[in-house]
Amino acid sequence: MEDFSPHTRFRFPDEPDAIELRAFTHGLQPATVPSMMEHFTEDWRRFGVDAWNKVPNHWAPDSDDTVGWWTLPTYLGDEFIAPLLGAPHGSCILQPHVHWTVQCLLSAPEVRDRGAEILLPDTAFPSVLHSVQQWDDLQSFRPQIVPSTEENRVHREALLNAIGPNTAMVALSHVGFTTGARLPTSFLQRVAERAHAHDALVLLDGYHAAGSMPVDVTALGCDLYVGGLLKEGCGSSGNTFLYIRNGLELTPRLTGWFGDAAPFEFRQSPEPHPDVRRRFLGGTTAVAPMYHAVEGVRILLDLGLDTVRAHSLRLTDLAIERVDSADLSLRSPRRPAARSAMILLEVPDAHKLTAHLKAQHIYTDSRQNEVVRMAPFLWNTEADVHTTFDHIEGALASGAYRHTSVSTSGPVT
Ligand SMILES: Cc1ncc(COP(=O)(O)O)c(C=O)c1O
């Protein structure tokens, strides 16, 4: 990516030597975000209530499309999320968080009608794993949770074998958030084939996949794909998305008047919106997050997801070389095809090593005090990877990092 100048595309922390390697938690801020937020405050001031119907199209200033706050969730779904997922026009919508979308799905009788079991691995993210267990009593779903392998990865054969006539939905993470392991397309296609043979749905959670690599929901064969824009997508919170396969009928009971067919008629009884994706709206949509939602996606699409992926692989290749030469153990997959944008390395006292690196303005994170996670991403260079590993090797050699105190300012690392 020789012609990519990250400093014109992104805004960096104040320290000039900062190396931000936590794209898996929150990406850097795109350079256009301050002006988009200024547009929000100005649209609110200038147009007031009428902004719901029409505001200038800041998202595509050169286009003839008109846009209003009312239509932004589907407009941005069509213009930015669909290309990110290789999805057709009319199939994607912005959502507030994955948790909400999963709850909506579980409330739809069309899911329950397909079977009594929701099948998922124990490595699924809590927004999915906990939601399924919480709906257990209400919809009389039985969560069928497949234990992971010793390496904490999805047990593929066990999962495939568990799909059967009682399966209503199979829910899988495209990339495992604790391992960085990416499920192969061929496996996901087999899951879809088997699930569809039993009239079950396939839901993929693509947080950590969408935005860091090309995704093609049609080729994957899934019915539903969720993910968020906070991390590799470089938006901020309040912006996730849902793709729904064309023709799939769902009438979530957890829906709101924004998902109604005639919201401003204020009828006594609800009527689902004819556009299925709109039924996943709840009450009044939060508008401000949509002003920064897709500024990172704009950069990703502009560069091309193939280019983004090639850059990410080059940097993680280099990181793995440094892991090997330092004689450290890699906890994430080694094969490029099985990798996501993050790598995990095993180190003693990982929390302290992360704190030590942070004091040098190198931002990684740690889990279970056993592994350091890092994702050298768009704005990082080979020099960033070398600097990071020079510090890691130095710290491990001297052991002095073990005296670093770990900040207790909050739970987020
Ligand atoms: C795989 C995965 N799914 C979902 C989420 C977040 O879900 P929500 O939007 O409900 O906060 C995360 C956040 O880290 C994640 O890693």
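Treat the numbers as computed from the prediction; the structure is a model and nothing was measured. Atoms within each ligand, like the ligands themselves, are counted from 1 in listed order. Counting from 1, the numbers follow the sequence of the chain as shown.
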task = Identify whether NZ of Lys or CZ of Arg in K54 sits under 6.0 Å from the centre of the six-membered ring of F47 and within 45° of that ring's axis.
result = no

inquiry  = Could you tell me, atom by atom, which parts of ligand 1 come under 4.0 Å of a heavy atom of T240?
reply    = 9 (O)

message = Taking 4.0 angstrom as the limit and counting only heavy atoms of H99, give me the atoms of ligand 1 inside it, by number and element.
response = 10 (O)

K231, any N or O under 3.5 Å of ligand 1 N or O = yes

ask   = How close does the nearest protein non-hydrogen atom get to atom 16 (O) of ligand 1, and which residue and atom is it?
value = H208 NE2, 2.8 Å

key: Which residue and heavy atom of the protein sit nearest atom 4 (C) of ligand 1, plus the separation   = Y207 CD1, 3.3 Å

key: Identity and separation of the nearest protein heavy atom to atom 9 (O) of ligand 1   = V98 N, 2.8 Å

Sub-4.0 Å atoms of ligand 1 with respect to non-hydrogen atoms of H97 = 8 (P), 9 (O), 10 (O)

note = atom 10 (O) of ligand 1: closest protein heavy atom, distance to 0.1 Å, is S127 OG, 2.7 Å

query = Quick one: do the E110 and T251 side chains pair a donor with an acceptor below 3.5 Å?
reply = yes

Ring-face cation of R298 near F80 (centre distance under 6.0 Å, axis angle within 45°) = no

request  = Look at the side chain of S312 and the backbone N and O of V308, then say whether any donor-acceptor pair between them is shorter than 3.5 Å.
outcome  = no

request  = Determine, using ring centers only, whether W52 and F264 are less than 6.0 Å apart.
outcome  = no

key: Polar contact flag for F125 and ligand 1 (N/O pairs, less than 3.5 Å)   = no

message = As an exercise, identify every atom of ligand 1 less than 4.0 angstrom from a heavy atom of F177.
response = 16 (O)

remark   = Within the 4.0 Å heavy-atom cut-off, what D205 brings close to ligand 1 is side chain

Main-chain N/O of E193 paired with H196 side-chain donor or acceptor, under 3.5 Å = no

message = For D365, is there an ion pair with R373 - N to carboxylate O distance below 4.0 angstrom?
response = yes

ask   = Is any NZ, NE, NH1 or NH2 atom of the basic residue among D260 and R278 found under 4.0 Å from an Asp or Glu carboxylate oxygen of the other?
value = no

